[in-house]
S.K.: 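Below are the structure tokens for one structure; questions will follow.
A note on names: the letters A, B, ... follow the listed sequences, proteins ahead of strands, and every chain is numbered from 1.
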Number of protein chains: 2
Amino acid sequence: MSEVAKAAGVSVMTVSNVVNGHRYVSETTRDRVLEAIDRLGYRVNVAARNLRSGSTGIIGLAVPGVDAPYFGQLAALLIEGATRLGYQIVVEQTGATRESELGALTHSRLRMYDGLIISTVGLGNEDAEQLRSEISGFPVVALGERLSGAGALDHVAMANVAGALDATRHLVERGCRRVAVLGGTLGPGVSAGSLRTAGYRSALAEAGLPWREELVVEREFTLGGGAAGVRALVAAGVAFDGLVCLTDTLALGALRALADHGLAVPDDVRVIGFDDIEQAAYAVPSLSSVAPGHSEMADAALRMLTERIAGRRPEGAFEEFTGPHRLVVRESTGG
Amino acid sequence: MSEVAKAAGVSVMTVSNVVNGHRYVSETTRDRVLEAIDRLGYRVNVAARNLRSGSTGIIGLAVPGVDAPYFGQLAALLIEGATRLGYQIVVEQTGATRESELGALTHSRLRMYDGLIISTVGLGNEDAEQLRSEISGFPVVALGERLSGAGALDHVAMANVAGALDATRHLVERGCRRVAVLGGTLGPGVSAGSLRTAGYRSALAEAGLPWREELVVEREFTLGGGAAGVRALVAAGVAFDGLVCLTDTLALGALRALADHGLAVPDDVRVIGFDDIEQAAYAVPSLSSVAPGHSEMADAALRMLTERIAGRRPEGAFEEFTGPHRLVVRESTGG
DNA sequence: TTGTATGCGTTATCAG
DNA sequence: CTGATAACGCATACAA
């Protein structure tokens, strides 16, 4: 910068003013400086600017992995939105382990992100105390269910209970009487799995159908998990005519395994997923799903985070947002 | 840091030495400093360190979008590898336009990444001149085909021609005589599409089958593109008994449309994709594909980039790597 | 409208 | 083994 200043016959301060588009720079000076900048190929040194300003313009995004379609699509929305807001996004993959999620949290401050959006799977509200101390004033938005904010974080959620309830109710309305839940959980705790399982359970109760443990298949939210879940159900000789899959990925795996077992969808078994990832519409049969308002969630997360970064939100007050959900009916539940 | 130094009764330099694990610090001093660091909750300021060191530890990754499974899975591998190497990755989404790809290139130096991995779609070798000036010494690795390096970039490629040739040959061996290519291109130029089309063409020639323009369906590499391509083929009354899809995403869209038209896979039409994304194995029918050695490509790209960042490669000499490919046969081509 | 002085937090250098 | 000093490149406050 000093070289530019010398070349243009001005002070470094004037160069700085030109670079940052400040007022009070005469046309002629500006032109002279710009010409020099151009000629010398000068670029601002972001590290120095960061040091000076105390901010980096970088938001961290911690997710299990961008290879999972759900997170890939979410990350795409967040990156796009962040770019529009003048931020960049560093993606950290946690692999869904509690340790690395905590690591990301710590890391986020070490690395000097301006803020962090974290979608936890391993880390839950039981870790709230540790989180609070780990974060202490640092802008963090929790995305998803495991961290429900617990009054210490801004939180973007989706309509897990209502969505799963709608999905299950939809199957029941189509005549299913033995509806299994793939990815469901019997355990306690707050997670996407347990909340959606609760929604499933409510729908059964509402319809006067019994809750049967044998219809709850606990699996990881992966293609392999979905396929294995169906195989297990069949192997155990459990009869079912409906399948609520807690994610679309799980559902796509299930469709595959159902085909392997010669079970027709939707004739023998009606299947519905959750997330409405793009692939759902192109599956064979196309997959009914619950669309959780991805873009609204991404927008909300970015808004909350940038407001907090800007200090526009009071330290103690935390916001909660739940995406609007919508049932999307396709072939897998009979169109 | 100065506060820590004061608290520990040493100089900032000693604190720095402790933080960076330098030798020549006595046990007792180290312990005292660490204790103070802990007590005061001190964290190194990365911006200052960056300013001092002239590097940021950040690698830019420019891809069309991480919502496309192929790029999502690639990004996941790169992020994981980069993390292992002590780098972080900022993801820039270009949306596959030439302008934003150029923008990413410019941006990469403005933002002070240590290097950039770029997978271009719009930008091609015809832009080589502009690229050269844009980059000029900055560490960049081109991933994919459009930028073949042109002797000015390190380049990680995949076996496009050989892979497509193997895929097409496989269909022919299974008895297909009218093999269409979905996503193929008639135009000139170097791109994944044109290279794979060339491979397809070679295989036809090798088998003594005629090259027919009507069997070349030019489409975007999306689910929608795949479905639309098949619809167009059927609508035009073009007979085909084999379908080489230039990406798996295209193939999954095609499978969907084939089902819509009542065409059985593999009985009426055999289908093969390219990329071997995870979903291929779980499609109904499961999708044969060409696995292009994703992880080897990711490793190679990171190795090349980090070596160049470290200045371990001569300025003028550029490296070329082609991933090992492998045909993966599944149901869609008859198992 | 432009320039001067100063400090952001680190670390390399070199003296002690 | 430890410490004083300078410098990385920029932008704020203030003076001219």
S.K.: Between A/E27 and A/R32, is the closest basic N to carboxylate O distance under 4.0 Å?
M.R.: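 Between A/E27 and A/R32 there is no salt bridge, as every charged N stays at least 4.0 Å from the carboxylate O atoms.
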S.K.: Would you find a donor on one side and an acceptor on the other, under 3.5 Å apart, between the side chain of B/T97 and the backbone of B/S100?
M.R.: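 Yes; at least one donor-acceptor contact below 3.5 Å.
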S.K.: Name the pairs: protein N/O against N/O of nucleotides 14-16 of chain C, kept only if under 3.5 Å.
M.R.:
none

S.K.: Using the rule side chain to side chain contact (heavy atoms under 4.5 Å, CB included), only one of B/V4, B/T29, B/V19 pairs with B/T14; which is it?
M.R.: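 For B/T14, the side chain to side chain contact (heavy atoms under 4.5 Å, CB included) check succeeds only for B/T29.
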S.K.: In whole angstrom, give the distance that lies between atom CD of B/E3 and atom C1' of C/dC8.
M.R.: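 Between C1' of C/dC8 and CD of B/E3: 14 Å.
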S.K.: I'd like to compare against my own output: the B/S/- annotation of nucleotides 7-16 of chain D with a strict under-4.0 Å heavy-atom distance to protein.
M.R.: BBBBBB----
S.K.: Taking atom types as modelled, find out whether B/Y113 and A/Q88 have a side-chain donor-acceptor pair closer than 3.5 angstrom.
M.R.: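 The criterion, which ignores hydrogens and geometry beyond distance, is satisfied for A/Q88 and B/Y113.
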S.K.: Heavy atoms, side chains only, cut-off 4.5 Å: are A/F138 and A/L116 in contact?
M.R.: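 Yes, their side chains come closer than 4.5 Å.
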S.K.: Just to confirm, is there a sub-4.0 Å distance from OP1 or OP2 of D/dT2 to any side-chain nitrogen or oxygen of B/S11?
M.R.: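 The answer is no; no side-chain N or O of B/S11 sits under 4.0 Å from OP1 or OP2.
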S.K.: Keeping to residues at least two apart or across chains, list the ring-ring contact (aromatic ring centres under 6.0 Å, His included) pairs with something in residues 46-67 of chain B.
M.R.: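 Checked against ring-ring contact (aromatic ring centres under 6.0 Å, His included) - neighbours excluded - no pair reaches residues 46-67 of chain B.
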S.K.: Pair B/T56, B/N50 - check side chain to side chain donor-acceptor pair (under 3.5 Å), show working.
M.R.: CA-CA 5 Å; B/T56 59; B/N50 289 345; 5.6 Å; no
S.K.: What is the distance from atom CE of A/M297 to atom CE of A/M158, rounded to the nearest 0.5 Å?
M.R.: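 A/M297 CE to A/M158 CE: 4.0 Å, rounded to 0.5 Å.
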S.K.: Check the distance between C/dT1's C1' and A/R30's CZ and give it to me in whole angstrom.
M.R.: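 These atoms are roughly 11 Å apart.
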S.K.: State whether A/S26 places a side-chain N or O below 4.0 Å from either non-bridging phosphate oxygen (OP1 or OP2) of C/dT1.
M.R.: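 Indeed not, no polar side-chain atom of A/S26 lies that close.
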S.K.: Tell me: CG of A/D31 to P of C/dT1, nearest whole Å?
M.R.: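 Distance, rounded to whole Å: 14 Å.
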